[in-house]
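So the structure is just underneath, and the comments pick up after that.
We're numbering straight along the sequence, starting at 1.
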Amino acid sequence: MNALEIRDLVKRFGGLTATNDLSFDLAQGESLGLIGPNGAGKTTVFSQIMGELRQTSGTITFMGEEISTLSTPDRIAKGVSRTYQVPRPFTDLSVRENIRVGLMPDSLRAMIFGTGDTAREGEIAQSVGFATADLDRPASELAMGDLRKLEFARTLATGAKVLLLDEVFAGLTTGEIAMIAELIQDLRQRGFTFLMVSHDLPAMEPLIDRAIAIERGTLLANGSFKEVLADHAVRASYLGEA
């Protein structure tokens, strides 16, 4: 069974077609790279999978169940979640409290009336590389690399097994990129499934099993990373070659 099956996905904004009859599969345990130039529709694909944007037509199937009409919280509850190009923590909350939001239903209310599962919060924080001393640090004090780790922690706290990573290396130093790449490799070994968007192709290449390329929401190529980058249409679109 595939983790995700995208079939004939179309998204129109007035006269603009952002995804155009797009179809692809993501196998369980696979790491799939989604590449394309700016404006190709990559983030729009993520937003449709998560239900943040409703597709004009087409279907989205998760673990054999069509989720095309489910709300975003219902899709998260099924086990799919995402990170964002710009991290979105609750900046006035600590690392621990941000993780608690993902762990608890009705989380904001629970934060007021309960203390949460502190052992689980610590376990998730540690699994993405936070030290115990970091748990009570406000998110507003975190460097970009640690904000990326917190995005992973919040995603894992929801119980997700399929993670959509949107430009996860953006804004990071060389050392931070290596840290996040190591985290992704560790999560892959633990059985997580990934759909990954990144313009940092050298950083992404060793983390993926396969790649697909799109332009203006249309599938250009599907295959190994090297096969996709060697495709004439991809080189013309993504690399600007004639």
Side-chain angles (χ1 to χ4, degrees), residues 31-47 49-50 52 72 76 80-103 107-108 111 120-190 192-208 211 225 238:
S31 182
L32 175 63
L34 174 59
I35 68 174
N38 287 331
K42 303 182 297 295
T43 296
T44 302
V45 171
F46 274 25
S47 296
I49 293 172
M50 293 307 305
E52 297 160 345
T72 298
I76 292 173
V80 59
S81 192
R82 69 170 293 182
T83 66
Y84 293 87
Q85 293 186 35
V86 178
R88 299 180 177 184
F90 295 96
T91 55
D92 56 338
L93 301 182
S94 67
V95 168
R96 182 196 306 277
E97 290 166 333
N98 267 278
I99 295 172
R100 189 178 302 165
V101 168
L103 281 171
S107 52
L108 294 180
M111 287 175 61
R120 181 65 179 143
E121 293 158 8
E123 178 185 325
I124 292 171
Q126 185 178 29
S127 76
V128 301
F130 283 114
T132 301
D134 294 323
L135 288 174
D136 294 318
R137 290 180 62 194
S140 59
E141 296 180 1
L142 298 180
M144 181 59 78
D146 285 337
L147 285 172
R148 292 290 183 199
K149 289 195 302 185
L150 184 55
E151 283 252 292
F152 276 91
R154 294 176 63 206
T155 299
L156 297 180
T158 68
K161 281 296 185 179
V162 175
L163 281 66
L164 314 183
L165 307 182
D166 196 355
E167 294 293 353
V168 73
F169 300 120
L172 301 186
T173 66
T174 301
E176 289 170 333
I177 289 173
M179 174 183 68
I180 296 301
E182 183 177 354
L183 173 58
I184 293 170
Q185 290 284 32
D186 176 66
L187 292 172
R188 289 194 65 194
Q189 292 172 7
R190 290 161 53 190
F192 287 88
T193 301
F194 292 97
L195 177 60
M196 185 185 313
V197 166
S198 179
H199 282 298
D200 191 335
L201 300 185
M204 182 172 69
E205 180 179 6
L207 301 174
I208 61 175
F225 183 82
Y238 195 46

Do the side chain of [X] and the main chain of [Y] share a donor and acceptor less than 3.5 angstrom apart?
X      : Y      : result
Ser47  : Thr44  : no
Asn98  : Pro89  : no
Ser198 : Leu201 : no
Arg88  : Thr83  : no
Lys42  : Pro37  : yes
Arg137 : Glu141 : yes
Glu167 : His199 : yes
Gln85  : Ala170 : no

For the residue pair [X] and [Y], establish whether any side-chain heavy-atom pair is separated by less than 4.5 Å.
X      : Y      : value
Arg154 : Phe90  : yes
Leu32  : Thr193 : no
Val162 : Phe194 : no
Val168 : Ile184 : yes
Leu163 : Leu156 : yes
Met196 : Met204 : yes
Asp92  : Ser140 : no
Leu164 : Met50  : yes

Taking all heavy atoms of Lys161 and all of Arg190, pick out the closest pair and write down the distance. NZ-O, 4.4 Å
Closest non-hydrogen contact found for Ala125 with Ile99 is CB-CD1, 3.7 Å
Tell me whether the count of non-hydrogen atoms from other residues, nucleotides or ligands lying under 6.0 Å of CD in Gln126 goes above 12. no
Report, as yes or no, whether the 6.0 Å neighbourhood of atom CD on Glu182 holds more than 12 heavy atoms from other residues, nucleotides or ligands. no
Which residue is it: Asp146, Leu150, Leu147? I am looking for the one with a side chain to side chain contact (heavy atoms under 4.5 Å, CB included) to Pro87. Leu147
Do Arg100 and Glu97 sit within salt-bridge range, that is, some charged N less than 4.0 Å from a carboxylate O? no
Arg188 charged N/C atom sitting above Phe192 aromatic ring, 6.0 Å / 45°: no
